[in-house]
Every structure is written in structure tokens, then in C-alpha cells.
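Side-chain atoms are counted along with the backbone in the values below, which use heavy atoms only and exclude waters and symmetry mates. For the single chain, residues carry numbers from 1 onward in sequence order.
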Amino acid sequence: ELIVDVVAYLAANRPVDTRAGRVVPLTAPFRVLDTRQAQFGASSLGPGRAEDWSFSDFVADVDIAGVPVGAQAAVIGNLTATGLTRQPGWSTTIDTFMTAYPFGVDLPTVSNLNLVENASVPNLALLKYGNDTAKGDPNVVRIYNYNGFVHYLFDATAVVLSD
């Protein structure tokens, strides 16, 4: 059996005057968030919950030789889930899945990570930004956890430009 979750595709014959879809690799991975750290709340994500993360500060800091690359549609990197624990009172082992998706869209039916207790699971992820118009923030990603309490982190390795 095989399950394939499509996260992106390449479009041929794009106009040379557009920036949209161009991938710019970072010179080194950059830890954008880590829910184990105080600056990100030091709190695991609970069962059936989602939380939103603004990537606007990260977007503003990406540059080439000191020149900002500008507007971005998405970020590519390593999404890792770790430290899955059970809900209080549960005695059976648990597993979960996590999904990262743009703010403002419905929860997709695919997952980025599948995790069991006592494991850390990394996976390459393309995180597309959504627009939180109420906050005026066009660079928001929502992270959903199905079961248990879990920490996660994201290390960016490239950005996808927009016009």
C-alpha cells in the first residue's frame, strides 16, 4: 500500500519577469520556531487543537548580500515533532499526526508528520503562508495536532518568492 501527499508542483514556462515560485536557498538552516523554548511559549500543542504562527519577522529578515528578497509565498524546511505525551488518565500508548497549512483555509485531509510516543519525527515540509487580514499579517501558518500533547520545531532551509 502507498499513500502520496502532494505538497507542491513545478510549473513550466513561467514568464522570466516574475518572481513567483522561485526558490531561494538559505546559506544555513535557521530555527524559525521551537515550542520547547520560552520565546515560543514553552508549551506543547494539545489534542484536536491548532495554533497560528506569524512568519513575518522571518520573511523580513531573509536577504541576499544584505538586500531583502522581499515578498514570499512559502518557506521550505524541516518540521519535527517530538515529546508526544498522553492525555491525563490514559493508560494505552498513543500516536498522532500533525498538519501544517496556510492560515484561513480548512484543515487538509493530509498530514506532514506521523508520530508515536517516545519518538522524534522530522520531515521536509513546504509551509505556505496564509493571510490573517484581521491582524494585517500575510505570513501566517497554522499547525494542527490530532492526539496527545506534542512539541514541534521548524528549521527553514529555503523560501519561495511571490510577486
Side-chain angles (χ1 to χ4, degrees), residues 1-9 23-26 28-62 71-162:
E1 295 181 21
L2 174 69
I3 297 174
V4 177
D5 296 330
V6 178
V7 297
Y9 61 91
V23 175
V24 176
L26 303 180
F30 179 78
R31 172 95 14 113
V32 179
L33 67 93
D34 184 342
T35 62
R36 301 170 300 179
Q37 303 297 317
Q39 70 192 61
F40 301 103
S43 178
S44 57
L45 183 58
R49 300 215 34 236
E51 56 192 4
D52 301 327
W53 292 98
S54 172
F55 281 66
S56 286
D57 288 342
F58 169 76
V59 167
D61 283 346
V62 178
Q72 299 159 36
V75 61
I76 300 168
N78 189 47
L79 181 63
T80 301
T82 189
L84 176 62
T85 58
R86 304 171 198 172
Q87 286 103 300
W90 284 32
S91 60
T92 59
T93 59
I94 60 168
D95 57 15
T96 192
F97 67 86
M98 298 186 76
T99 302
Y101 57 103
F103 177 88
V105 302
D106 292 335
L107 176 65
T109 58
V110 299
S111 63
N112 295 89
L113 298 166
N114 298 288
L115 183 71
V116 297
E117 285 181 274
N118 302 314
S120 292
V121 176
N123 198 16
L124 179 66
L126 171 76
L127 306 183
K128 185 175 181 193
Y129 301 131
N131 190 2
D132 184 345
T133 55
K135 293 182 179 176
D137 189 342
N139 304 302
V140 181
V141 173
R142 179 167 282 173
I143 308 285
Y144 171 81
N145 173 42
Y146 174 72
N147 195 19
F149 294 85
V150 66
H151 282 286
Y152 57 95
L153 50 122
F154 183 74
D155 296 324
T157 56
V159 296
V160 181
L161 302 180
S162 63

Roughly how far, to the nearest 0.5 Å, is [atom2] of [Y] from [atom1] of [X]?
X      : Y      : atom1 : atom2 : result
Tyr152 : Thr82  : OH    : OG1   : 13.5 Å
Thr93  : Arg86  : OG1   : CZ    : 6.0 Å
Asp95  : Leu115 : CG    : CG    : 8.5 Å
Asp155 : Arg31  : CG    : CZ    : 4.0 Å
Asn147 : Thr96  : CG    : OG1   : 5.0 Å
Asp52  : Lys135 : CG    : NZ    : 7.0 Å

Relative to the ring of Phe58, is the ring of Phe30 parallel (under 30°), tilted (30 to 60°) or perpendicular (over 60°)?
parallel
Tyr146 and Phe97 aromatic ring geometry - parallel, tilted or perpendicular at 30°/60° bounds
parallel
Closest approach of [X] and [Y], non-hydrogen atoms and distance?
X      : Y      : value
Phe149 : Ser44  : CB-OG, 3.4 Å
Pro138 : Ser56  : CD-OG, 4.3 Å
Ser111 : Thr99  : CA-OG1, 3.5 Å
Lys128 : Ala74  : CA-CB, 3.7 Å
Val23  : Ala158 : CG1-CB, 3.9 Å

Begin from the C-alpha positions of Phe154 and Ile143 and carry the test side-chain contact (heavy atoms from CB on, under 4.5 Å) through to its verdict.
CA-CA 11 Å; Phe154 183 74; Ile143 308 285; over 6 Å; no
Hey, are the side chains of [X] and [Y] touching, using non-hydrogen atoms and a 4.5 Å cut-off?
X      : Y      : value
Glu117 : Ile94  : yes
Phe103 : Val141 : no
Leu79  : Asn123 : no
Thr157 : Asn78  : no
Val121 : Met98  : no
Phe55  : Leu33  : yes

Mark yes or no for whether Asn139, through its side chain, and Ser54, through its backbone, hold a donor-acceptor pair below 3.5 Å.
no
Check: Ala100 main-chain N/O paired with Asn112 side-chain donor or acceptor under 3.5 Å
yes
Among side-chain atoms of His151 and Thr35, is any donor-acceptor pair under 3.5 angstrom?
yes
Scan Leu26, Val59, Leu127 and name whichever one has a side chain to side chain contact (heavy atoms under 4.5 Å, CB included) with Val75.
Leu127
